[in-house]
Protein chains: 2
Amino acid sequence: MVSQRPGPNLSRIATSLGVSVATVSNALSGKGRVSEALIEKIRSHAAELGYVPSQAGRALRTGRSGVLGLVLPDIANPLFPKIAQAIEFAASAAGYGVLIADSRGDISAQTEAINRLVERGVDGMVIVPRRATRISAASCPVAVIDTASTPGNTVAADHWQGGREIAAHLAGLGHKQILIIGNNHESNVQNDRAGGIRAGLQPGMRSETLWVERLENETGAGCRLGLAEKARQGFTAFAALSDLQALRALTELQQEGISVPADVSVTGFDDLIWSPVVTPSLTTVRMDMDTIAEIAVSALVDRINENGTREGVMVTAETERVPMQLIIRQSSGPAKPAQKTSEMENL
Amino acid sequence: MVSQRPGPNLSRIATSLGVSVATVSNALSGKGRVSEALIEKIRSHAAELGYVPSQAGRALRTGRSGVLGLVLPDIANPLFPKIAQAIEFAASAAGYGVLIADSRGDISAQTEAINRLVERGVDGMVIVPRRATRISAASCPVAVIDTASTPGNTVAADHWQGGREIAAHLAGLGHKQILIIGNNHESNVQNDRAGGIRAGLQPGMRSETLWVERLENETGAGCRLGLAEKARQGFTAFAALSDLQALRALTELQQEGISVPADVSVTGFDDLIWSPVVTPSLTTVRMDMDTIAEIAVSALVDRINENGTREGVMVTAETERVPMQLIIRQSSGPAKPAQKTSEMENL
DNA sequence: TATGGATGCTTAAACGATTAAGCGCGACCC
DNA sequence: GGGTCGCGCTTAATCGTTTAAGCATCCATA
């Protein structure tokens with residue numbers, strides 16, 4: 001009843017060439033001692049037969065599945081494609097497959113997702129944690145991608161520095177009053193970004209922070225942010241902590257007849273797919289996901305290859321923060337001279 | 001040198017209880033003949049020890065890995081999160097894991113990605129093909145999600161019907177001249193959507209199609225679409241074939257001082273994450289990804305469970321097209337009476 | 001009282017790979 | 001010339017699970 005695997009296996013190659021399975025295995029893996037001539041013969045014959053090693057057999061023997069898990073808080077997050085793509089690429093290059101698991105927002109589902117991956121025998125996993133959750137002990141090496149201020153973080157973009165880049169850019173354009181727009185004040189990432197912006201303000205500049213989530217809890221989802229009013233109050237720059245909020249700000253301002261970047265500037269974070277496409281295209285800060293993924297995966301792979309089991313499962317990397325890159329596009333421009341000096345006196 | 005798996009295995013449970021491994025296996029799987037009392041004893045002891053069956057051992061014996069592959073043309077496509085989430089959910093519910101593979105846009109990479117999955121021993125895969133590519137024979141069951149007009153398609157949203165919904169909606173609002181905006185005229189999906197729109201036009205309505213890709217090839221990426229000009233020509237509705245193009249259209253029109261929906265209407269496709277968030281929120285058509293994923297996965301699982309190997313690898317499902325749902329938001333409204341009658345004479 | 005079958009368990013053989021250990025054999029060294 | 005070593009291969013054990021087959025035991029039926 002067992003469905004036969006279609007392809008040939010080691011023993012078929014072995015009997016077909018009149019050698020032992022062990023020799024074939026050694027020849028293909030290049031590990032044992034086999035003569036050059038035989039290696040060549042075995043390899044070509046294996047290729048001819050289209051031999052594909054059985055991961056199951058290998059996994060059973062070696063105790064390694066060759067698969068990494070990727071746990072995401074919510075795949076619907078638009079940042080996900082880049083992360084997944086980068087992780088998949090890095091893992092693939094390192095010879096690993098990637099098993100995905102979505103924790104669908106809630107924390108118990110995150111634990112469940114981790115368990116599912118462990119049951120599937122992943123050799124390690126990359127976790128992008130939900131808000132400030134603590135990773136309950138998984139029985140395999142774990143790399144965490146969140147932000148440097150998260151305890152146990154392995155590697156992440158330097159969100160704080162990204163915030164400073166934004167602040168410096170806006171300062172250079174002459175903006176004095178900056179409205180920071182975030183959607184989740186519990187997110188470590190967003191707090192770091194906002195902190196970076198505030199830390200980068202020059203003397204004579206001030207900022208205020210608008211948490212959209214709070215606004216929505218009070219007045220319902222999809223509500224107006226009231227940015228036109230803010231502009232009238234003297235804010236000339238709207239620094240969103242994610243491109244989604246930036247897009248929201250941009251379209252709301254446009255709808256209200258406020259011109260971007262002539263009247264006010266709008267900036268975002270993450271350089272999501274639509275950022276270059278909207279009009280005006282969005283000035284934002286990009287994470288170097290490829291580098292982050294590569295560091296996370298190679299830290300994970302290094303730990304997996306140390307056969308001596310360390311005490312902790314959390315993996316650490318040498319480089320903990322990867323710089324973010326400012327992408328200047330059309331949505332940011334020189335600050336319009338303040339008209340309402342009464343508001344400026346608030347400084 | 002072989003790293004020991006941490007948890008207990010069948011034989012540890014067996015010796016610990018003084019029974020044979022086979023009995024333990026039978027008790028846990030409920031397959032053979034074991035007395036009720038012993039089953040209970042074994043199960044509780046296994047749970048106590050935190051026994052987790054080894055997928056590797058099971059896979060080797062049964063020839064099934066319990067893993068499905070998901071091949072995507074380009075994870076960076078913003079539609080991906082929904083597909084991945086839905087597939088992961090459906091697969092998870094059916095007891096399968098999901099291994100992802102990105103073909104990164106190009107066709108040879110798609111073949112490579114498929115091979116990688118086959119090498120990892122997936123039991124089947126879901127493929128969202130790149131444009132009009134033919135799937136080169138994979139040696140496992142394959143479900144294709146594209147559009148009903150693609151040969152070999154397993155299940156997909158009814159893009160044609162979605163187009164008709166849009167057309168009917170715009171017709172009901174009194175629009176006469178509709179500009180269809182697509183980005184890729186080789187995409188089966190986009191062609192079906194455009195075809196559906198055209199087929200749904202009422203007498204007295206006309207449409208024109210603008211392929212952004214062509215425009216970009218001529219004038220460079222990120223170029224203006226010239227929609228304001230089109231609006232002046234008498235087009236009152238802009239029906240984009242994806243929300244990304246809709247967003248592009250919406251922001252360009254707003255930037256040019258054209259009000260949406262007061263002056264013109266904009267519609268999209270797919271109900272992507274930003275659609276409800278932009279101002280005005282986007283009228284669009286949503287695919288029922290959960291249903292599509294469930295159909296695809298269950299067709300795949302059914303085929304996997306038929307141990308008799310059928311000749312073809314392409315899986316078919318009973319329901320081939322899943323209706324799309326019109327989501328009416330703020331970006332579409334009544335057509336403004338035509339001012340340039342000269343243009344209207346073109347009818 | 002035999003006989004047949006159901007019951008509850010064990011034995012053992014796979015699945016396909018890896019890898020330590022062993023075994024001739026020729027070369028080399030002192 | 002005897003001991004040692006390296007080479008090139010084989011033998012055999014092992015990973016953890018599933019499952020067909022076998023073997024007592026006991027109950028029911030003739």
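Please read these numbers as outputs of a predicted model, since none were measured by experiment.
We find that NZ of B:K31 is positioned 13 Å from C1' of D:dA20, with the value rounded to whole Å. Protein atom CD1 of A:I42 is 11 Å distant from nucleotide atom C1' of D:dG8, rounded to whole Å. Atom CZ of B:R33 and atom P of D:dA24 are 15 Å apart (whole Å). Across the protein-nucleic acid pair, B:R120 atom CZ and C:dG16 atom C1' stand 16 Å apart, rounded to whole Å. One can place CG of A:D123 at 15 Å from C1' of D:dC15, the figure rounded to the nearest angstrom. Summarising the geometry, the separation between CZ on A:R12 and C1' on C:dA17 is reported as 15 Å, rounded to the nearest angstrom. One atom, CG of A:L10, and another, C1' of C:dA17, lie 6 Å apart when rounded to the nearest Å. Atom CG of B:N9 is separated from atom P of D:dT14 by 14 Å (rounded to the nearest Å).
On a pure distance criterion of 3.5 Å, a polar donor-acceptor pair joins the side chain of A:R61 and the base of D:dT14.
B:D288 and B:T291 are linked by a side-chain donor-acceptor pair at a separation below 3.5 angstrom, with hydrogens and angles left out of the test.
In this structure, the nucleotide among D:dT11, C:dC9, C:dA17 sitting nearest to the side chain of B:L38 is C:dC9. Distance from the side chain of A:T23 is smallest to D:dT10 among D:dT10, D:dT17, C:dT10. The side chain of A:V34 lies closest to D:dC9 when the candidates are D:dT19, C:dG16, D:dC9. With C:dA17, D:dG16, D:dT19 as the choices, the nucleotide that has an atom nearest any side-chain atom of A:S54 turns out to be C:dA17.
Looking at heavy-atom distances under 4.0 Å, A:A56 makes no contact with the nucleic acid at all.
One N or O on the side chain of B:D123 and one on the backbone of B:S65 form a donor-acceptor pair closer than 3.5 Å. No side-chain donor-acceptor contact under 3.5 Å links B:N188 to the backbone of B:T147.
Within the structure, a side-chain polar atom (N or O) of A:S20 is placed less than 4.0 Å from OP1 or OP2 of D:dT10. Within the 4.0 Å cut-off from OP1 or OP2 of C:dT18, at least one side-chain nitrogen or oxygen of A:R58 is found. Phosphate proximity of C:dC9 to B:S35: present, with a side-chain N or O under 4.0 Å from OP1 or OP2.
For the pair A:I87 and A:L68, the minimum side-chain heavy-atom distance is 4.5 Å or more.
For B:E294, the CD atom counts as loosely surrounded, since its 6.0 Å shell holds 12 or fewer non-hydrogen atoms of other residues, nucleotides or ligands.
Annotation: of the two residues near DNA chain C, B:N26 and B:G57, the 5′-most nearest-nucleotide partner is B:N26. Residue whose closest nucleotide on DNA chain D sits further toward the 5' end, between B:A22 and A:V21: A:V21.
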